Amino acid sequence: MATASADPVDCLYSVAQLRAIEQAAAATLPPHALMQRAGQAAAAHATRLFLESGGRAPVLVLAGPGNNGGDALEAAALLARQNVPLQVALLADPERLPSDAQASLARARASGAGFLGSRPIAGNWSVVIDGLFGIGLARPLAPPFGEVIHAVNAMHCPVLAIDVPSGLDADTGNAVGDHVIRATETVTFIGNKPGLYTALGRDCAGQVVVEPLNLNPDTFPAPMAQLNSPALFASAFHTRPHASHKGSFGDLTVIGGAAGMGGAVILASRMGAMAGAGRVFAAFAGPVPAYDPLHPELMCRDARSAELASGAVAVGPGLGQSREGTDLVGRALASALPLVLDADALNLVAAEPGLQARLAQRRPPSVLTPHPLEAARLLGTDAASVQADRLAAASEIARRLQAVVVLKGSGSVIAAAGGRMVVNPTGNPALATAGSGDVLAGLCGALLARHVPAWEAALAAVWLHGAAADDMVVEGLGPTGVTASEIPAYVRRRINRM
């Protein structure tokens, strides 16, 4: 369980937690108060988007059959009173709306807002407000909602989602059915939600703005997770003293590189050096090059004889899944050093119960960096099951193997054995390229070599890795065509800004 934070933006709450918070608040407030506050917040953001669009066309307000629809109707009433031109599409039986939503419908009708009735929503709109379904959606959408969402996603105007994009699971970030609104911006209420940041969340939520609705976050329970930010790993970075030397910053040994896959070790090792490790040993299971011509400071070794006496170890990049690879993973597990297991090292651990037991019983810290398929092998399931609940999958691996786990993907999840979870908000599709995972392993290994605790090392590595990719996109170098070998220089620049 995450620790509580004073900033509601950084705290991620489950639907069950938010329901409890909402019910407790409603018991102390006048009737209809929370919906009025939600409508005011939504109207304020819609007004801004309307003005930014030039205001040459009306706003379309989509109101569904629940309280999310009530929030939208409340926003419509306020916008109409501000003389913002709009049309409301009420996709619900007015008589079956919840009582609060019925009150907001009455207010919208009294405000002079226009109602589309049975007319189609196609048209020229400045902004679309999505108030179809909120966090309570539990089953796939029936007609006509799928067709409406499809039509909205084809429009060329800003889309403001209320609380969550309709069709998105607020806990997991997955689609509840076949249709999800793709919003430009999401104004989410009371507390932030993990599903807005992982799986489909980043693609569907757009820019997320948290509106606590004047509730006091200090009264909330500890959140289920947190958003990653430099505040969570600030202790990992210090000004380097003048009176320091290479030994001050630790050794990193990268083990992998079976025949034909030596580049993976080179990528991880280069990142380790550029992330500040004092010395980096590139240890190859296959042919050992004399040196790296681009970074001759890397010391190339035979993995079978490389010393594992100091610093940290990253094992797995390009290792292959041979018997010799299994032996090398066992040797790394037997060392007294902090350890990163990536790529084939994870596959070998998944295939050998004995290695799993040794990993779970290790005293030095271990960080695992699986992608969904590697995570599935560790759990004895399939990638679809992992993706169905990424937070639960990462947490279960961490518990079973007593390690810090980084489940990679859109909204990477970092989980500790004790239950703490963090979702990372940095990164973009530029990282969907061969070798970027090797770079992440080398970065995490370098931080461990520099004596950063495993939890903070994982948080920092994932955040920096994503932030580097974000910088590359800003400079026009991505997301298409980025290569893994370009990432380390941008990570180094980010580290030196810390």
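Just so it is clear, the structure is predicted and the values come from calculations on it, not from any experiment. Note that the numbering runs from 1 along the sequence shown for the chain.
Contact record, Arg400 with Ala360: O-CB, 3.6 Å, taken as the closest heavy-atom pair. Of all non-hydrogen atoms in Ser335 and Ala332, the two that sit nearest each other are OG-O, 2.8 Å. When all heavy atoms of Pro165 and Ala205 are compared, the closest pair comes out as CG-CA, 3.8 Å. Closest approach of Ile414 and Ala458 over heavy atoms only: CG2-CB, 4.1 Å. Shown here for Ala199 and Gly173, the closest heavy-atom pair between the two residues is CB-O, 3.4 Å. The minimum heavy-atom distance linking Pro425 with Leu227 is given by the pair CB-CD2, 4.2 Å.
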Return a table of donor-acceptor pairs under 3.5 angstrom between the side chains of residues 343-357 and protein atoms on other chains or two or more places apart.
unit_1	atom_1	unit_2	atom_2	d
Asp344	OD1	Asn347	ND2	3.4
Asp344	OD2	Gly320	N	2.7
Asn347	OD1	Arg377	NH1	2.8
Gln356	NE2	Val349	O	3.0
Gln356	NE2	Ala350	O	3.1

Side-chain donor-acceptor pairs of residues 460-474 under 3.5 Å, sequence neighbours excluded:
unit_1	atom_1	unit_2	atom_2	d
His465	NE2	Ser436	O	3.0
Asp470	OD1	Gly427	N	3.3
Asp470	OD1	Asn428	ND2	2.8
Asp470	OD2	Gly427	N	3.1
Asp471	OD1	Arg494	NH2	3.0
Asp471	OD2	Arg494	NE	2.8

Only pairs under 3.5 Å count here: list side-chain donor-acceptor contacts from residues 135-144, not counting sequence neighbours, and write none if there are none.
none

For residues 441-453, run the donor-acceptor check on the side chains, cut-off 3.5 Å, and write out each pair with its distance to 0.1 Å, sequence neighbours left out.
unit_1	atom_1	unit_2	atom_2	d
Arg450	NH1	Ala275	O	2.6

Show me the side-chain donor-acceptor pairs of residues 263-273 shorter than 3.5 Å, one per line, residues at least two apart or across chains.
unit_1	atom_1	unit_2	atom_2	d
Ser269	OG	Val265	O	2.8
Arg270	NE	Asp292	OD2	2.7
Arg270	NH2	Asp292	OD1	2.7
Arg270	NH2	Asp292	OD2	3.3

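For Asn174 (side chain) and Ala388 (main-chain N/O), a donor-acceptor pair under 3.5 Å exists by modelled atom type. In this structure a side-chain-to-backbone donor-acceptor pair under 3.5 Å is present from Thr219 to Asn216. Gln17 contributes a side-chain N or O that, together with a main-chain N or O of Ser14, makes up a donor-acceptor pair within less than 3.5 Å. Here the side chain of Asn153 pairs a donor or acceptor atom with the backbone of Val180 at under 3.5 angstrom. Between the side chain of Arg37 and the backbone N or O of Leu213 there is at least one donor-acceptor pair closer than 3.5 Å. Side chain of Asp382 to main chain of Ser385: a donor-acceptor pair is present (N/O by atom type, distance under 3.5 Å, no hydrogens or angles). In this structure a side-chain-to-backbone donor-acceptor pair under 3.5 Å is missing from Thr253 to Val313. Between the side chain of Asp171 and the backbone N or O of Val15, at least one donor-acceptor pair lies under 3.5 Å. A donor-acceptor distance shorter than 3.5 angstrom exists from the side chain of Asp130 to the backbone of Ser166, with no hydrogens or angles considered. For Arg492 (side chain) and Gly276 (main-chain N/O), no donor-acceptor pair under 3.5 Å exists by modelled atom type.
Proximity of Leu34 to Phe189: side-chain heavy atoms (C-beta onward) are nowhere separated by under 4.5 Å. Looking at heavy atoms from C-beta onward, Val386 lies out of side-chain contact with Pro370 at the 4.5 angstrom threshold. Counting heavy atoms from C-beta outward, Val413 and Val422 have side chains that stay 4.5 Å or more apart. At a threshold of 4.5 Å between non-hydrogen side-chain atoms, the residues Leu391 and Pro194 count as touching. Looking at heavy atoms from C-beta onward, Leu49 lies in side-chain contact with Glu185 at the 4.5 angstrom threshold. Residues Gln207 and Thr186 have side chains not in contact (no heavy-atom distance under 4.5 Å, counting atoms from C-beta outward). Residues Pro212 and Ile190 fail the side-chain proximity criterion, which asks for heavy atoms closer than 4.5 Å.
The structure places CH2 of Trp455 at 12.0 Å from CZ of Phe233, a figure rounded to the nearest 0.5 Å. Between Tyr13 atom OH and Leu18 atom CG the span is 8.5 Å, to the nearest 0.5 Å. The line from CG of Leu160 to OG1 of Thr184 is 8.5 Å long, rounded to the nearest 0.5 Å. Remark: Leu459 CG to Asn228 CG distance equals 5.0 Å, nearest 0.5 Å. Distance check, rounded to the nearest 0.5 Å: CE of Met155 to CZ of Arg182 gives 16.0 Å. Rounded to the nearest 0.5 angstrom, Leu168 CG and Ile181 CD1 are separated by 11.0 Å.
Checking Gln361 against Arg358 by side-chain atom types alone, no donor-acceptor pair falls below 3.5 Å. Side-chain atoms of Tyr197 and Asn192 include a donor-acceptor pair closer than 3.5 Å. Side-chain contact check for Arg202 and Ser410: no donor-acceptor pair (N or O, by modelled atom type) lies under 3.5 Å. For the residue pair Glu374/His371, the side-chain donor-acceptor check at 3.5 Å is satisfied.
With respect to Ile255, the side-chain contact (heavy atoms from CB on, under 4.5 Å) criterion is satisfied by exactly one of Leu339, Val329, Val315: Val315. The side-chain contact (heavy atoms from CB on, under 4.5 Å) test with Leu378 is passed by exactly one of Val405, Leu401, Leu359: Leu401.
One finds a salt bridge joining Asp342 and Lys408 here, because a Lys/Arg side-chain nitrogen approaches an Asp/Glu carboxylate oxygen to under 4.0 Å.
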Step by step, work out the side-chain contact (heavy atoms from CB on, under 4.5 Å) result for His179 and Val148.
-> CA-CA 9 Å; His179 304 279; Val148 170; over 6 Å; no
Let me see the working for Ile129 and Leu62 under side-chain contact (heavy atoms from CB on, under 4.5 Å), right down to the final yes or no.
-> CA-CA 6 Å; Ile129 299 177; Leu62 302 175; over 6 Å; no
When you look at Ser99 and His32, which way does the side-chain hydrogen bond (donor to acceptor under 3.5 Å, both in side chains) test go after all the steps?
-> CA-CA 9 Å; Ser99 58; His32 200 49; over 6 Å; no
Intermediate values then yes/no, side-chain contact (heavy atoms from CB on, under 4.5 Å), Thr433 and Leu431 = CA-CA 5 Å; Thr433 186; Leu431 296 174; 5.8 Å; no
Using the side-chain contact (heavy atoms from CB on, under 4.5 Å) rule, take Leu12 and Gln226 through it: C-alpha gap first, then chi angles, then the decisive distance, then the call.
-> CA-CA 5 Å; Leu12 302 176; Gln226 290 175 284; 5.7 Å; no
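Heavy-atom neighbours of Asp327 CG from other residues, nucleotides or ligands within 6.0 Å: above the threshold of 12. Shown here is Glu52, whose CD atom has more than 12 heavy atoms of other residues, nucleotides or ligands within 6.0 Å. The number of heavy-atom neighbours closer than 6.0 Å to CZ of Arg96, taken from other residues, nucleotides and ligands shown, is 12 or below.
Partners of Asp389 by salt bridge (Lys or Arg N to Asp or Glu O under 4.0 Å), not counting sequence neighbours: none found.
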